[in-house]
Amino acid sequence: MLLLFPADLISRMKFPSFLPLLAGALLVASPLAVTAAEAPASSMAAPAKAAISRIDPTFWWVGMKNPKLQLLVHGPGIGGSTVALSYPGVTLDGTQKLENPDYLLVNLTIAPEAKPGKLNLEFRGGKKVTYSYELRQRTTPTDKTKVQGVTSADFVYLLMPDRFANGDPKNDVVKGMNASRVARDSMYARHGGDLKGVEQHFDYLKELGVTAIWPTPVVENDMPKASYHGYALTDYYTVDRRYGSNEDYVRFVQRAHQSGLKVIHDVVLNHMGSKNYLFLEQPAADWFHQWPSFTRSNFRDAAFNDPYAADVDRKLYGEGWFDTTMPDLNQSNPLVATYVIQNFIWWVEYTGLDGYRIDTYPYSDRNFLMQWGEAVLNEFPQLGMFGETWVQGNGQQAFFARNILPPVNGFKSNLPGVTDFQSYYAINEAMTKDAGWTDGIAKLYYALQGDWLYEDPMRNVVFLDNHDLSRFYSVIGEDFAKYKMGLAWLLTTRGIPQLYYGTEVLMKNFSNPDGLVREDFPGGWAGDKKNYFTAAGRTGQAGEAFTYVSKLANYRKTHPALHSGKLTQFIPQDGIYTYFRHSDAGTVMVLMNSNKDEKAVDLSRFAERLNGFSSGVEVTSGATLADLKTARIPARTAWVVELRK
């Protein structure tokens, strides 16, 4: 999710199938005026001759489970055309005119027996136009190197491509795009990082113990300001050329897989950038939520499912715009829903990516969210998916994931997992506040106690910080002991751990404004004075931090008890939180002392999990715990102990 603070004005709180409507269905235009000045009134005037500018999706596949395909055709006056085709196994179900005569919908059915090839679509209007549309052979069901999914066995590394490493300075500035320069000394300008830069440091990520890479959006964001973050997309089907080409991204995913790394694709369902051609030349007014004047979301997710919510609050939350340059999509329009669903199916089949992180997940239309999740997972049941749920409370967070709750106002989430903000709040409090009955480190216990609401809490993503939040090292006052405690928790608790780039080398700062936590990774640019990508460059505590994370992450990778075992936690006592990860493959005990002083712990309280074990070894230090009767835990320390019989 994007946070913009142009003047510190706002803080962020932040049908079973996708069948197109039948040909001839009518759309009712919104009576409200288009709010953005970029949308020209002249786009509604039909020119004399028909031509084709583009068709979305740009190509498709035979062999998809859903045989239906909706093509959005764009070109001057194309809406006045009739369409003909002749291709074995492909049926024209009809066409549909839109409010804007420069668009036409073409609905197809692709039978299972259809073969890959070039499908000639003939458009007959002012003149005959033939478009050769490609049908490719689907490969993901048979190619096991593609769409591997994301599980609790993974360790996810979140990075911003523009700020991580510049592998190809030639694409820093692309002629014709809005950002005409790079300026590394400017917080909101582009800095020049790209896909090649990330790829050049796969070995660094593997040394750290990372198994999955999550870049912030790589699709085109050709906005005049702050385009580096990627969350105001301007072309659904194009990788931002400052990062590389579409083909470069396909190779990036392939090479990541060859290196033992998965790729998570960051997507935005709720909104787009105002320079997107679909907004500049709107197919119809009801493709977007229109207001008489700019109206921002109230960012109150509670209105989504509040049984007492006022209609105006619910409408503002779901239909208000995220920002002035981020038009809000009307996903209750089935044509819009189909367009978006097809796009995200397209990216998976095209690239073989392994998972989706869904930005601003709760803001979308509730029926659409269910349709989207069902359609995508129907085609790719192994795909990893987790949504950003920046909400308050275990119940509210679980509402947006697969859970044991009954439907609320017709909504029953089918999203496998969510970003676990409740445990994020808890670890921050555990590291910054004194222990109490429910305060301080006790928050960690209660955050996980709420897991009874989930179908499978192991699919939730746990984290210490991200691109919207103050960096963990700064939040804890640059206390290295607390830092190691936080990392120990991250890599031993339940769920999928996510690390924000640079946390492993003690990058710091606060998120107001957000650009301060989006600095360049030292060493990613030629001439950088520091290079944290090399062991020699990681001097002092930065090197010690990297070693700590790497050792624990690589240990976790090879010990199933930590990444997929059961969890047993004990109610915190005297500022000490104790839990166990256990499976047939072994048992690990974690002791976290949040106190300012050393504490003696009577281990007999944990007999139900210690039974059968006689000693242990602390994983990060190699120290031996000779007996399991008592232990003296130093202040601000977490022990990760592999138990031995």
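None of the values given here were measured: they were computed from a predicted structure.
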* Start with the C-alpha distance between Glu220 and Thr234, add both sets of side-chain angles, then the distance that settles side-chain hydrogen bond (donor to acceptor under 3.5 Å, both in side chains), and finish with yes or no. => CA-CA 6 Å; Glu220 182 189 274; Thr234 55; 2.6 Å; yes

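- Between the OG1 atom of Thr419 and the CD atom of Glu388 there is a distance of 5.5 Å, given to the nearest 0.5 Å.
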* **Intermediate values then yes/no, ring pair (Phe, Tyr, Trp, His ring centres under 6.0 Å), Trp346 and Phe59** => CA-CA 8 Å; Trp346 186 91; Phe59 51 82; 5.1 Å; yes

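- In this structure, CG on Leu71 lies 6.0 Å from CD1 on Ile55, to the nearest 0.5 angstrom.
- One side chain, Thr140 or Glu349, offers a donor N or O that lies under 3.5 Å from an acceptor on the other.
- For the 3.5 Å distance criterion, the side chains of Asp301 and Gln396 qualify, holding a donor opposite an acceptor.
- Going from atom CZ of Phe322 over to atom CG of Asp328 covers 10.0 Å, rounded to the nearest 0.5 Å.
- When the side chain to side chain contact (heavy atoms under 4.5 Å, CB included) test is applied to His257, the partners found at least two apart in sequence or on another chain are Gln148, Val253, Asp354.
- Judged purely by distance below 3.5 Å, without hydrogens or angles, the side chains of Lys412 and Asn403 pair a donor atom with an acceptor atom.
- Here Ser274 contributes atom OG and Leu278 contributes atom CG; the two are 12.5 Å apart, rounded to the nearest 0.5 Å.
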* **Full working for side-chain hydrogen bond (donor to acceptor under 3.5 Å, both in side chains) between Gln282 and Tyr103** => CA-CA 9 Å; Gln282 297 175 28; Tyr103 289 91; over 6 Å; no

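- The side-chain tip of Arg366 points at the ring of Phe304 from less than 6.0 angstrom away and within 45° of straight on.
- Note that CG of Leu108 is 5.5 Å distant from CG of Leu69, once rounded to the nearest 0.5 Å.
- For the pair Arg138 and Phe380, the cation sits on the ring face: its NZ or CZ lies under 6.0 Å from the ring centre, inside 45° of the axis.
- For Lys315 and Trp291, the positive end sits near the middle of the six-membered ring, less than 6.0 Å away and at most 45° from its axis.
- Just one of Thr216, Asp266, Asn221 meets the side chain to side chain donor-acceptor pair (under 3.5 Å) condition when paired with Tyr231; it is Asp266.
- Between Tyr339 and Asp56, the side chains place a donor N or O and an acceptor N or O closer than 3.5 Å (distance only, hydrogens not considered).
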